[in-house]
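Below you'll find the structure, written out as structure tokens, and then a few comments.
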Amino acid sequence: MSEVQVPGRVPSPLVEVADERFARHGVRLLLKRDDLIHPDLVGNKWRKLAPSLRAAEGRPLVTFGGAWSNHLRATAAAGRLLGLGTVGIVRGDELAGRERNASLERCAADGMRLCFVDRAAYRRKAEPEVLAELLRGAGTPPDAFVVPEGGSNALAVRGCVALGEELRGLADVAAVACGTGGTLAGMAAGLAPGQRALGVAVLKGGFLAEEVRRLQQEGFGGPRGRWEVEDRFHGGGFARVPAGLDAFARDFEERHGLAVERVYVAKLLFALTALVEEGAFAAGTRLAAVVTGRPFPEG
């Protein structure tokens with residue numbers, strides 16, 4: 001893939017918003033609008049997928065995700081845009097007989113062939129023998145290029161370095177919501193000395209820091225940059241949106257005229273607002289929040 005084939009708006013815009021909840025603590029809130037990079041490969045999905053698409057060199061793509069996976073939608077859209085075959089291995093074989101939700105319908109409309117697998121096998125997909133069986137069961141072409149869940153591999157980590165580089169000299173702390181950790185791993189490596197990266201976990205379990213370390217080892221051969229993970233704001237687990245979080249997101253939308261994606265971006269903004277109240281950032285801090293996506297479905 002080249003940027004000519006799937007152009008992206010990079011560097012993405014960085015805009016400051018006036019929010020008294022931050023201003024009264026002397027903190028400036030900046031939004032890194034990665035949601036504006038590409039209409040179909042939204043936000044960090046463009047950054048993470050581009051290197052794998054180049055490496056695939058026109059081969060079919062197979063990847064993994066849940067029923068509402070942003071990554072599955074982005075991969076399916078990339079396949080449509082580039083004329084590549086795509087296979088999505090979806091968590092939950094019980095979904096096979098049900099009416100498809102809007103996310104899976106979008107994947108199918110973009111040409112992705114969906115294969116539903118039981119959750120126990122899905123959890124073990126990192127094991128080589130289980131992965132091989134899943135690929136066989138999905139009828140994956142032998143030359144297919146496998147992209148991991150969330151798109152987080154060494155290629156994606158290196159692709160996200162540019163995000164940190166785009167923020168050099170413009171922010172003191174760069175924060176991003178994290179599912180698999182690839183964006184944080186790469187962004188931290190791209191920041192300048194003196195800057196630090198903050199990842200807000202959207203899944204519970206406390207595993208994210210170890211995953212970021214593993215991804216940096218794979219991508220760079222060792223640790224890079226200053227980064228940390230905040231595990232307290234997952235809201236009960238992935239795609240869980242408690243009433244309080246939804247109310248916060250609606251209020252933020254009204255204050256700033258920005259449609260707030262609930263699974264990732266709302267948890268990031270909520271976490272930053274709470275951390276500011278806790279005194280986590282010194283007065284004068286320029287705090288950049290990466291807006292990694294838009295609500296789905298839009299409307």
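Predicted, not measured: the structure shown is a model, and the values here were computed from it.
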Could you tell me the separation between the [atom1] atom of [X] and the [atom2] atom of [Y], rounded to the nearest 0.5 Å?
| X | Y | atom1 | atom2 | value |
| --- | --- | --- | --- | --- |
| Leu114 | Cys107 | CG | SG | 6.0 Å |
| Cys178 | Leu208 | SG | CG | 5.0 Å |
| Glu127 | Leu134 | CD | CG | 10.0 Å |
| Glu16 | Leu30 | CD | CG | 5.0 Å |
| Asn44 | Thr183 | CG | OG1 | 3.5 Å |
| Gln195 | Leu167 | CD | CG | 7.0 Å |

- Task: For the pair Glu210 and Arg214, evaluate salt bridge (Lys or Arg N to Asp or Glu O under 4.0 Å) and give the outcome as yes or no after the intermediate values.
- Result: CA-CA 6 Å; Glu210 182 58 36; Arg214 182 188 69 79; over 6 Å; no
- Task: Determine, using ring centers only, whether Phe116 and Tyr122 are less than 6.0 Å apart.
- Result: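 No: the rings miss the under 6.0 Å criterion.
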Counting only N and O atoms by type, is there a donor-acceptor contact under 3.5 Å from the side chain of [X] to the main-chain atoms of [Y]?
| X | Y | result |
| --- | --- | --- |
| Arg124 | Ala120 | no |
| Arg54 | Leu49 | no |
| Arg91 | Arg119 | no |
| Arg226 | Ala188 | no |
| Arg294 | Leu36 | no |
| Glu254 | His256 | no |
| Gln216 | Arg213 | no |
| Asp231 | Lys204 | no |
| Thr273 | Leu269 | yes |
| Lys125 | Val130 | no |

[X] versus [Y], closest heavy-atom pair with distance:
| X | Y | result |
| --- | --- | --- |
| Ala156 | Gly151 | CB-O, 2.9 Å |
| Thr86 | Ala76 | OG1-CA, 4.2 Å |
| Leu104 | Ala67 | CG-O, 3.5 Å |
| Ala289 | Leu268 | CB-CD2, 4.0 Å |
| Pro51 | Lys48 | CD-O, 3.5 Å |
| Ala177 | Val202 | CB-CG1, 4.0 Å |

- Exceeds 12 heavy-atom contacts within 6.0 angstrom, atom CZ of Arg59: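 Correct, the count exceeds 12.
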- Query: Are there more than 12 heavy atoms of other residues, nucleotides or ligands under 6.0 Å from atom CD of Glu278?
  - Reply: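 Count over threshold, so yes.
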Can we say [X] and [Y] salt-bridge, meaning some charged N sits less than 4.0 Å from an Asp/Glu carboxylate O?
| X | Y | value |
| --- | --- | --- |
| Asp251 | Arg21 | yes |
| Lys267 | Glu230 | no |
| Asp110 | Arg106 | no |
| Arg262 | Glu253 | yes |
| Arg80 | Asp40 | yes |
| Glu166 | Arg47 | yes |
| Arg98 | Glu94 | no |
| Arg286 | Asp172 | yes |

Given the rule that I, L, V, M, F, W and Y join up when any side-chain heavy atoms are under 4.5 Å apart, are [X] and [Y] in one cluster?
| X | Y | result |
| --- | --- | --- |
| Val10 | Met187 | no |
| Val260 | Leu287 | yes |
| Trp68 | Val241 | no |
| Val87 | Leu131 | yes |
| Val291 | Leu41 | no |

- Message: If we check ring-ring contact (aromatic ring centres under 6.0 Å, His included) with Phe270, which of these qualifies: Tyr264, Phe252, Phe248?
- Response: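 Result: among Tyr264, Phe252, Phe248, Phe248 is the only option passing the ring-ring contact (aromatic ring centres under 6.0 Å, His included) with Phe270.
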- Query: Under 3.5 Å, is there a donor-acceptor pair between the Asn70 and Arg73 side chains?
  - Reply: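 Result is yes, a qualifying pair exists.
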- Would Asp34 and Thr292 count as having a side-chain donor-acceptor pair, cut-off 3.5 Å?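 Note: Asp34 and Thr292 side chains miss the donor-acceptor criterion.
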- Take Leu184 and Leu215, measure what side-chain contact (heavy atoms from CB on, under 4.5 Å) needs, and give me the verdict at the end. CA-CA 10 Å; Leu184 175 62; Leu215 286 167; over 6 Å; no
- Go through the steps for Leu14 and Ser12 under the test side-chain contact (heavy atoms from CB on, under 4.5 Å), then give the verdict. CA-CA 7 Å; Leu14 181 67; Ser12 60; over 6 Å; no
- Ring-face cation of Arg28 near Phe22 (centre distance under 6.0 Å, axis angle within 45°):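 Geometry flag: not set, cation outside 6.0 Å or 45°.
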- Message: Under the criterion side-chain contact (heavy atoms from CB on, under 4.5 Å), I'd like the reasoning laid out for Phe64 against Val90: C-alpha separation, chi angles, the key distance, then a yes or no.
- Response: CA-CA 6 Å; Phe64 307 82; Val90 184; over 6 Å; no
